[in-house]
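Step one of this worksheet: look at the structure below.
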Amino acid sequence: MTVIDSAVLERHGIKPDEYERIQKLMGREPNLLELGLFSVMWSEHCSYKSSRVHLKTLPTTGPRVVQGPGENAGAVDIGDGLCAVFKIESHNHPSFIEPYQGAATGVGGIIRDIFTMGARPIALLNALRFGSLDTPQARRIFEGVVAGIGGYGNSIGIPTVGGEIVFDERYAGNPLVNVLCLGIAHRDDIIKGAAKGTGNPVYYVGAKTGRDGIHGATMASAEFDEKSAEKRPAVQVGDPFMEKLLMEACLEVMKTGAVVGIQDMGAAGFTCSTSEMGSRGGCGMTVDVTHVPQRETGMTPYEIMLSESQERMLLVVERGREHEVEAVFEKWDLHAVKVGEVTDGHRLKIHERGTLVADVPNRGLTDEAPVYNRPMQVPGWQKHVQGCSFADLGPAPSPQRAFEQLISTPTIASKRWAYRQFDHSVGTNTIAQPGMSAAVVRVKDTSRALAISVDGNGRFCYLDPYQGAKLVVAEAARNVACAGGEPIGATNNLNFGNPERPEIMWQIGEAVRGIGDACRALKVPITGGNVSLYNETEGNAIFPTPVLGVVGLLEDASKTVTRTFKTAGSAVVLLGDNLGELGGSEYLATVHNLVAGRAPELDLKREAALQALIIKLIRNGCIESAHDCSEGGLAITLAECAFDSGGIGLSADVTAVTHPEAPEYAVNATLFGESASRIVVSVPSRHLDVVMSAAKDAAITAREIGRVGGDSIRLSVNGEVVIELPVADAEHAWATAIETKMSRKAAS
Amino acid sequence: MKFAVVVFPGSNSDYDAFYAASRVVGEQAELVWHKDTDLKGADAVILPGGFAHGDYLRTGAIARFSPIMAAVKSFADRGGPVLGICNGFQILLEAGMLPGAMVRNDRIKFVSQLVPIRVEHTDTPFTAACAPKQVLKLPIAHGEGNYYAPPDQLAELEANRQVIFRYASAAGEVGTEWNPNGSLNGIAGICNRQRNVVGLMPHPERAAELPLGSADGRVVLASVVKALQDLKSSRPQDLTNA
Amino acid sequence: MKARVYVTLKPSVFDPQGRVVADALVTLGYQDVKDVRQGKFFEVELADADPAAAKERVTEMADKLLANPVIESYRVEVIQ
Amino acid sequence: MKARVYVTLKPSVFDPQGRVVADALVTLGYQDVKDVRQGKFFEVELADADPAAAKERVTEMADKLLANPVIESYRVEVIQ
Ligand SMILES: Nc1ncnc2c1ncn2[C@@H]1O[C@H](COP(=O)(O)OP(=O)(O)O)[C@@H](O)[C@H]1O
Ligand SMILES: [Mg+2]
């Protein structure tokens, strides 16, 4: 029996004060297995110990919220007794260690969270961050992650319908892989991850347990250093075929009504599912690891409890109805085995061949995990980076050159190289495919559709985490609104550095505060999310990157519009004010290699009014296309309306903004500034008056800035043409930028 | 009429085919589990897309041994119309019900996009309602759709007019620039000698309604309805259920 | 008792993967790489003890399932 | 000059492919199949003539490209 000394605690990532807490909860010294249980359950990844106090402040209620945070996924009512069940998950660290498998198992994990709730998954989205594609390492990770996402999602047959990809050196040592899954469930069929009913059998079903992923949860809670190579045996391999069988079998088994509770085994595996189901249900559980199907020989209880082998589920079944459950699993060639029982009290008792090897209060592992109110401090550099002296930038580059540079910069360029590797047509629900801004999936057997968008903006959040987070919420909701969807719920993934550093903790606190304020103002409740911390390599943190996933509802699926122009002659109208804010813009980053300035202003009241307006205009069929202005500003947004339209161009003329600190940059600020709350719409002449007066009523600035038509992109500022090139050329550069870089592979 | 859609472990477009046949085309349809041994009196059989058994060995290699396949074979031998879509096509190849084999896409990567294909011949149950050389816009979504057959067999296929669909331009021209996966002769779909068994990589069942980006696929399923009516009117008793 | 089944594409069949690997190697600076063919192999563990019997059975498995005669050829090798 | 690089998943790494193939063989009636592991191999053809040099170069290729050191191990064998 190993003595628990500081070295052992160190290896388990348990701090001395935490160990004292464990001893108190146990009323004695824990044994090594028990320590292992605490170490995984108290890891940042499972316990949210650093973020909890902040997450508590988020708005999580609303008329449509059926399930808020706390379950495997959130759920919102979408009418006809149906719910949209969705959640976002990160698999950042595993994807850095093994891009293909890391991303693949990330997809597998979030899918399990959704069908565990009794929902059939119908859509996947992802938010990805990589280093510059000019480095071989970033290309290798990007290639592997995209292949892994496709490899898993395509096989199991859930369409990947959208996402976003950003390339920035700040993610070189810490790529981000966030995956959102959305499913549909009947409100009454939603089933929870709670154990109930003393004496009810506990079943294990799915893949056999191996030694893979042991301490994955604690790994996801530690910074990277050269030593992480040693953690490599932890790599897990995804088995989408097994998961497909599990998904179908579980959805079928739930229909029998014999399932009391169900939970997947994700991070912290068997430990997490047994302790969480017990404490959620207010009861205990006793299991014998001897019954757990094992892939490798000679596995210890410690290894079995902490293994993170994929594609495994835990079910609590109504006693006396075991055969119904077993029969369904047999049909799918899955063998559900009884591993234990629900008990009175609140203890998780683990046996090996009948002898008790661990006995812990399950709440001690879950609800009573430590919660930290970690010190926060504004980084010393914060003020500094918010300043931006255009004087040092030298003469302003020509808009034409800047534009051509921007359309082929990987962050703005078409992501088709990636999403053409994703099956987006399986399931026959995808109305707006990847590439069309927000994704839109119809809800079969209803007239409705759901619009979904995931968005993040590390740059804005780096310059001002509070403001940046608000802007991210606004953009995600605006993208959904631009497809005609009324935002009804959101999920979020908080990707940050080491929370034990006050500067990072400050970023987290500010970002959460921003998300909360924006969600309250836009009336979008947060129904769940995920926190990924310690995204640092050798002390270099990523940009603070909260990623928002917003789900919007269209009552009439047929009304949805996309970003692309439809008919020559229609008016191009800009909704919202063009303020020419260049702070944190893609323009500054790409053209001037500079991340600086103030993040754009955001008036949440005006944002809400703008979104209400666009939703109304789309519902009334007044507009042919709508596209939100984001990365690259107005010029890029207008170009994107022409791309994929079949070569329809436009000519537009916008009024120059005033740019006091550097007048010579006024034109570029006008074209490439990333002010919030702007939407470009195209309107058939016959509807123009309606649109204009509707905007007036909503107190939203609306300017007719040009006309759809011709075969070139022709942009003027104050009557002077500053950008002009054939749509075909611009579109080619935009569409092929990433594949060009990827095909130049091993070159460097 | 009635469609049987076979469900293999790992099929993922089974419900798509079922939905298109029943809800869009408006015929009867039934999902048939691969361990079953009869086709529930169906008039036409669809082997759907997906990743049967994960495609972990070779696409379709394991599925061909499913109990239901015996019934599918004898149904086909009696002249019953059988359609293999994507993975279903691969299963038909592995089962020897169609000639040739699939290898990895020439550009290795999985390809998912809408592509035009040209209908080469309309004298099969799944093209009967098509116009000659009609171009259909259908989604492809596969990593192994690169059709291969030995030279002599390929020549025979062409000679017997067994190439039913070819990748093409929107205007119907064929050539390597419109070939998404390196298939020999730009082959997207073929039929057997008797012409009642058809396999294709693109997904007609996923493009049967305009909101989904194309409704061109509908005609493939509608064709078999027409074909069977023509057959019934020419022959009093339906031979497929004989 | 272990046996290995090596499966390769027939020479007449184009091997996209091998080609991509070859190109990658050349761009990595291995100019002297003339060609690469990719194959796969299966390590089959049998309860059965007799080598001759094992070889026969595994050959049967290869014929029936592990290789596709249209495009692939295989070689069986009993290890111990 | 030809060399072969055999790449297998490390023993500790789960091999879903192998598992499915094993299950298939058992359902096909090969009850005595205890386990299957799947691997791949590359047949690399080199202009280079000297076996020793070839082995070295190909080993380098395996390290750099052909095998994924995180989950795979490999063996190099020079044929002729
Ligand atoms: N990883 C990805 N997977 C699928 N689709 C993607 C991915 N990245 C970007 N896309 C698609 O490309 C389009 C542009 O994305 P983005 O630059 O975020 O624009 P927007 O913020 O206006 O949606 C969107 O339709 C998005 O769904
Ligand atoms: Mg975006």
Side-chain angles (χ1 to χ4, degrees), chain A residues 120 122 143 146-147 149-161 238-245 247-249 330-334 416-436 440-442 444-445 449 557-560 562 646 739 742-743, chain B residues 7-20 23-24 31 33-36 48-57 59 62 85-87 105 107-115 137-143 170 180 202-215 217:
Chain A
R120 170 158 300 268
I122 64 164
E143 175 128 38
V146 167
I149 289 171
Y152 208 102
N154 300 348
S155 173
I156 196 167
I158 301 166
T160 297
V161 295
D239 183 353
F241 175 55
M242 169 60 78
E243 179 131 316
K244 170 69 172 172
L245 300 180
M247 177 173 76
E248 297 302 336
E330 285 304 325
K331 169 190 164 188
W332 292 94
D333 295 319
L334 297 169
R416 85 177 184 190
W417 182 90
Y419 61 69
R420 278 192 177 171
Q421 297 180 54
F422 303 151
D423 187 342
H424 43 76
S425 57
V426 64
T428 62
N429 294 320
T430 312
I431 304 180
Q433 306 190 336
M436 287 302 153
V440 181
V441 289
R442 68 176 176 183
K444 282 206 177 86
D445 307 321
S558 69
K559 288 289 202 303
T560 189
T562 67
E739 50 215 63
M742 293 308 287
S743 55
Chain B
V7 182
F8 297 96
S11 294
N12 66 26
S13 235
D14 47 347
Y15 188 75
D16 300 347
F18 172 86
Y19 186 89
R23 307 291 293 281
V24 182
L31 293 165
W33 183 233
H34 77 120
K35 288 179 188 169
D36 288 351
F51 286 66
H53 301 271
D55 281 352
Y56 285 163
L57 176 53
T59 58
I62 299 174
I85 302 170
C86 196
N87 197 228
N105 295 348
R107 273 151 278 180
I108 307 300
K109 297 191 166 9
F110 190 95
V111 284
S112 168
Q113 67 192 89
L114 210 56
V115 300
K137 259 176 52 233
L138 303 180
I140 53 169
H142 60 251
H203 286 275
E205 85 285 17
R206 297 187 192 177
E209 302 164 86
L210 266 180
L212 301 177
S214 169

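In what follows, every chain begins at residue 1, and chains take the letters A, B, ... in the order their sequences are listed. Keep in mind the model is a prediction, meaning the values are calculated, not measured.
For a residue to count as touching a neighbouring chain, one of its non-hydrogen atoms must lie under 4.5 Å from one of that chain's; by this rule B:Glu205 touches chain A with the backbone only. Contact of A:Ile158 with chain B is not made at all, since no heavy-atom distance falls under 4.5 Å. For chain B, the nearby parts of A:Asp239 are the backbone and the side chain; heavy atoms of each come within less than 4.5 Å. Using a 4.5 Å cut-off between heavy atoms, A:Ile431 touches chain B through backbone and side chain atoms alike. For A:Ser425, the parts lying near chain B are the backbone and the side chain together; criterion is any non-hydrogen pair under 4.5 Å. With a threshold of 4.5 angstrom between heavy atoms, B:Pro9 approaches chain A through its backbone and through its side chain.
Interatomic distance, CG of B:Asp16 versus OG1 of A:Thr428, reported as 4.0 Å (0.5 Å rounding). Rounding to the nearest 0.5 angstrom, the gap separating the CZ atom in B:Phe51 from the CG atom in A:Asn154 is 5.5 Å. One finds the CD atom of A:Gln421 at 12.5 Å from the CZ atom of B:Arg107 (value rounded to the nearest 0.5 Å).
Looking only at distances, a side-chain donor or acceptor of B:Asn12 sits under 3.5 Å from a matching main-chain atom of A:Ser155. For B:Lys35 (side chain) and A:Lys331 (main-chain N/O), a donor-acceptor pair under 3.5 Å exists by modelled atom type.
Among the candidates B:His203, B:Arg206, B:His142, the single residue satisfying the side-chain hydrogen bond (donor to acceptor under 3.5 Å, both in side chains) test with A:Asp423 is B:Arg206.
Pairing each heavy atom of B:Ser11 with each of A:Lys244, the nearest pair is O-CE, 3.1 Å.
Judged by the 6.0 Å and 45° rule, A:Lys444 forms a cation-pi pair with B:Tyr19.
Ring geometry for A:Phe241 against B:His53 counts as tilted: the plane angle lies between 30° and 60°, on a 0 to 90° scale.
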Salt bridge (charged side-chain N to carboxylate O under 4.0 Å, His left out) assessment of B:Glu209 paired with A:Arg442: CA-CA 12 Å; B:Glu209 302 164 86; A:Arg442 68 176 176 183; 2.8 Å; yes
